[in-house]
Amino acid sequence: MKMSVATQFDPNSRALTVTAGLDYYTTGDANHFIVVLITEDGIVGKQTNYDSVPDYEEFYMQNHVLRGALTPGTWGKPVKGNTIILGEKFELTFDYTLPTLWVAENCHVVVYVHDFATKEVLQVEEVKLVP
C-alpha cells in the first residue's frame, strides 16, 4: 500500500483539512482502519525527574506531544469492508478546528493504517500541519 497525506490550514478560522490517499497493490482479505492524529512540538512545561531524589524541571521542552485525534475512538475509522482489490484507491478527508492554544507551526499530522484483526501497523506518514 502506498499512502499520501496532504493538509490545508486556514490560520484565520483555524480550520484544518487532512486528505489521505491510499493506493493498494495487493488483493485479499483486509479489515483496515485509518487513524489521524495531531502532535505538537515545543511545549514548555514541568518535567518530573525520578532519579535518586525526585525533582522536576520548571521549563522542560516537550516534543511529539499527542494533542488530538481526527478519527473516532481508539482504533480509528474503517477504510473499507473486508476485501481489498488490486489497484483500489481511496481518498479520505478529515476536518478539524485547531484549538487556539495550539501553535499550528509546531504541529504535525500523523496518519497510520492498521489491520484491525492483527493490530499490525501497515503504513505511517507524518507531515507538518503548516508546510
Using atom types as modelled and distance alone, determine if a side-chain donor or acceptor of [X] lies under 3.5 Å from a backbone N or O of [Y].
X   : Y    : result
E40 : V103 : yes
R67 : T39  : no
T71 : V36  : yes
D41 : H64  : yes

Any link between [X] and [Y] through a network of hydrophobic side chains (Ile, Leu, Val, Met, Phe, Trp, Tyr) touching at under 4.5 Å?
X   : Y   : answer
I43 : L98 : no
L92 : L37 : no
V5  : F9  : yes
F90 : L70 : yes
I38 : F33 : no

Heavy atoms from other residues, nucleotides or ligands near NZ of K89 exceed 12 (cutoff 6.0 Å): no
Heavy atoms of other groups near Q62 CD, more than 12 under 6.0 Å: yes
Chi angles and distances behind the side chain to side chain contact (heavy atoms under 4.5 Å, CB included) call for I34, V111: CA-CA 7 Å; I34 188 166; V111 180; 3.7 Å; yes
Any side-chain heavy-atom pair of L22 and V79 under 4.5 Å: yes
Verdict with reasoning, T93 to V18, per side chain to side chain contact (heavy atoms under 4.5 Å, CB included): CA-CA 6 Å; T93 303; V18 176; over 6 Å; no
Shortest non-hydrogen separation from P72 to K77 and the atoms involved: CD-CB, 4.3 Å
Whether Y24 and H32 hold their rings parallel, tilted or perpendicular, with breakpoints at 30° and 60°: parallel
Parallel, tilted or perpendicular: rings of W102 and Y96 (30°, 60°): parallel
Please report, to 0.1 Å, the donor-acceptor pairs under 3.5 Å made by any side chain of residues 120-131, with sequence neighbours excluded.
{"residue": "Q123", "atom": "NE2", "partner": "M1", "partner atom": "O", "Å": "3.4"}
{"residue": "K128", "atom": "NZ", "partner": "E105", "partner atom": "O", "Å": "3.0"}

Rounded distance (nearest 0.5 Å) linking atom NE2 of H108 with atom CG of N63: 9.5 Å
